[in-house]
Amino acid sequence: MAATGSIVEIPQAAAAALNAVAIPSAEAGYTFMMQILGNEATPLIFGSLALSAAAIVEGLAMYEATTALVRTVE
């Protein structure tokens, strides 16, 4: 028997919203880093690290928001 209702739908919607933002950011950071490493333009790696850090921070913020949201639904 599968769970239904807001206890399932709210976290799924939050995860989808997180994925819509964080995954493209993480992919952009990864692509930029691979481009830098491929071109041996090591000083530019700091820009890639900033993109990756932003994606991580967004992911953590959405995780905290989702966790808080689930607690209010329970």
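Residue numbers count from 1 along this sequence.
Residues satisfying the side chain to side chain contact (heavy atoms under 4.5 Å, CB included) criterion with Glu58, sequence neighbours excluded, are Val21, Ser25. Remark: Gln35 pairs with Phe32, Asn39 by the side chain to side chain contact (heavy atoms under 4.5 Å, CB included) rule, at least two apart or across chains.
Cluster partners of Leu60, by chain and number: Ile56. The rule joins Ile, Leu, Val, Met, Phe, Trp and Tyr whenever side-chain heavy atoms lie under 4.5 Å apart.
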